[in-house]
Novice: 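What follows is a structure written as structure tokens; I'll ask about it next.
Every heavy atom of this structure was used, including side-chain atoms; hydrogens, water molecules and symmetry mates were not.
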Amino acid sequence: FNKFFFSFLNRGIRQAGMALLVACAVVSLARAAETYALPRAAQAPVIDGALDDACWKEALALGDFAVLGGKAIPVERRVETRAFLCADREYLYLGVRCAEPLIEQLQKGHVTNDSEVWRDDDVEFFVVPAPRGGSRYVQLAVNAAGALFDAAFSGVGKDRKMDLAWASEAAVKAKIGPAEWTVELKVPLRTLPVETLQGCWTFHLARQRTPQQTYYTCLKGIPKGFHDLELFAELTGIEALGLPYALPHFTFGALSLGENKCAFDVEGERKRLSGVAIEVDGKSRAQFDAAALQIQSGRIQLPYRLGPADKG
């Protein structure tokens, strides 16, 4: 079976974080200031960086990228960025074509995953799989070398916490041409912290261009940074993907020494929730099988303990 996985840094828990793993039969996806419809891919693309698959012709196309912060840029310095987005029942697909007349100046020095790829020429994809106002989201950044950085976030502003241990399990490929570079990305929906199957999710696509130190955004608002959640665009069409369930209103509880309770609601096919494991610092603290979950009606509450060694 597939697994839904979400972990984040918790107040009072050391940086390795706490993880919730939910076993299921299939899982979920994304939502967002202007509104776009997410097309369903009839056939999955081959992740080779070529952007020549049929699905990209039917995908949501975003080509009106602006400079981050609303600053005007001279016509002679403008370059085109085009992004394509679609999904099926299992994956979210992203393709990006970045024109680059100064291709010889492309920065791509970070070649390992989870390295500082944002210092290179890169594209960044943010997904909040919840209605507007949701604060659990993920970031995936890919540079021109095809190295992937992914992280999960909880909270906004000064309260935002980043979980570097989160793994998107995404497949990615970048390709460099004479006057452009391209990226293809395939993200398993089961790894996203999905909170709802109804309405919209929010998202943001951005690009850093190092030859002229310019930051681009797909948003029509004027964000000051890539993480301005309130300005993220809306993405409709989530219900049409046929995802089985989501886990809204999730909490790890008080995070105090001794007994705690992890709690969440289940939206969708509750019977597909076949197991939950709670981990602290990568070590299992509690496991619950389908029978233990199904006997609970309404909001699910699962006990676990934290000891002195967990405080950091």
Side-chain angles (χ1 to χ4, degrees), residues 1-9 17-32 36 38 40-41 44 47 60 85-94 114 124-142 148-156 160-172 185-205 226-227 229 232-252 264-269 272-273 276-277 279:
F1 48 56
N2 298 323
K3 287 183 178 178
F4 169 82
F5 174 85
F6 182 61
S7 63
F8 62 91
L9 299 186
M18 176 179 293
L20 171 75
L21 286 82
V22 180
C24 61
V26 181
V27 202
S28 296
L29 194 157
R31 151 153 55 174
Y36 303 101
L38 177 67
R40 183 162 181 168
I47 305 301
L60 165 64
L85 193 61
C86 58
D88 58 26
R89 195 176 163 85
E90 296 186 71
Y91 295 97
L92 180 62
Y93 304 104
L94 173 67
D114 284 331
E124 303 192 26
F125 184 31
F126 302 81
V127 180
V128 187
R132 186 169 302 285
S135 61
R136 289 169 53 199
Y137 66 103
V138 300
Q139 173 188 8
L140 298 99
V142 182
L148 170 70
F149 169 87
D150 52 15
F153 293 83
S154 173
V156 295
R160 184 172 66 226
K161 304 220 178 339
M162 180 171 66
D163 177 19
L164 294 173
W166 177 76
S168 65
E169 301 181 23
V172 61
L185 184 69
K186 178 174 76 172
V187 186
L189 300 179
R190 61 185 172 80
T191 65
L192 300 180
V194 176
E195 293 190 26
T196 184
L197 305 179
Q198 307 297 319
C200 303
W201 292 354
T202 63
F203 77 101
H204 181 201
L205 287 166
F226 287 175
H227 293 259
L229 302 188
F232 278 21
E234 293 184 342
L235 195 61
T236 65
I238 306 307
E239 298 95 329
L241 297 178
L243 306 174
Y245 66 78
L247 306 179
H249 312 122
F250 175 85
T251 175
F252 276 120
F264 52 88
D265 297 322
V266 180
E267 178 184 329
E269 300 179 44
R272 300 284 284 275
L273 188 62
V276 172
E279 293 184 355

Novice: Look up atom CZ in F203 and atom CG in L60, then write down how far apart they are to the nearest 0.5 Å.
Specialist: 6.0 Å
Novice: Taking the side chain as everything from C-beta on, heavy atoms only, tell me whether L38 gets closer than 4.5 Å to L92.
Specialist: yes
Novice: Write down the atom of L140, the atom of A170, and the distance for their closest heavy-atom approach.
Specialist: CD2-CB, 4.0 Å
Novice: Does the side chain of L85 come within less than 4.5 Å of Y36's, by heavy atoms?
Specialist: no
Novice: Hey, does W166 have a side-chain heavy atom less than 4.5 Å from the side chain of L192?
Specialist: yes
Novice: Of all heavy-atom pairs between A130 and G134, which one has the smallest distance, and what is that distance?
Specialist: CB-CA, 4.2 Å
Novice: Kindly assign one of parallel, tilted or perpendicular to the pair Y137 and F126, based on the angle between their ring planes and the thresholds 30° and 60°.
Specialist: tilted
Novice: What are the two closest heavy atoms between S168 and P188, and how far apart are they?
Specialist: O-CD, 3.2 Å
Novice: Considering non-hydrogen atoms only, spot the tightest contact between S135 and V156 and give its length.
Specialist: CB-CG1, 4.0 Å
Novice: Could you give me the CA-CA distance, side-chain angles and deciding distance for F149 and E124, then say whether side chain to side chain contact (heavy atoms under 4.5 Å, CB included) is met?
Specialist: CA-CA 9 Å; F149 169 87; E124 303 192 26; over 6 Å; no
Novice: With a 4.5 Å heavy-atom cut-off, do L205 and L94 have their side chains touching?
Specialist: yes
Novice: Please examine the side chains of H227 and F153, heavy atoms only from C-beta on, and report whether any two atoms are closer than 4.5 Å.
Specialist: yes
Novice: How long is the gap from CD on E195 to CZ on R136, to the nearest 0.5 Å?
Specialist: 4.5 Å
Novice: Evaluate R40 against R89 for side chain to side chain contact (heavy atoms under 4.5 Å, CB included), listing each step before the verdict.
Specialist: CA-CA 8 Å; R40 183 162 181 168; R89 195 176 163 85; 3.9 Å; yes
Novice: Got a second to check how far M162's CE is from L164's CG, nearest 0.5 Å?
Specialist: 4.0 Å
Novice: I'd like to check the side-chain contact (heavy atoms from CB on, under 4.5 Å) partners of A44; sequence neighbours left out, ordered by chain and number.
Specialist: D88, Y93
Novice: Kindly indicate, with the supporting measurements, whether the criterion side chain to side chain contact (heavy atoms under 4.5 Å, CB included) is fulfilled by D150 and V138.
Specialist: CA-CA 7 Å; D150 52 15; V138 300; over 6 Å; no
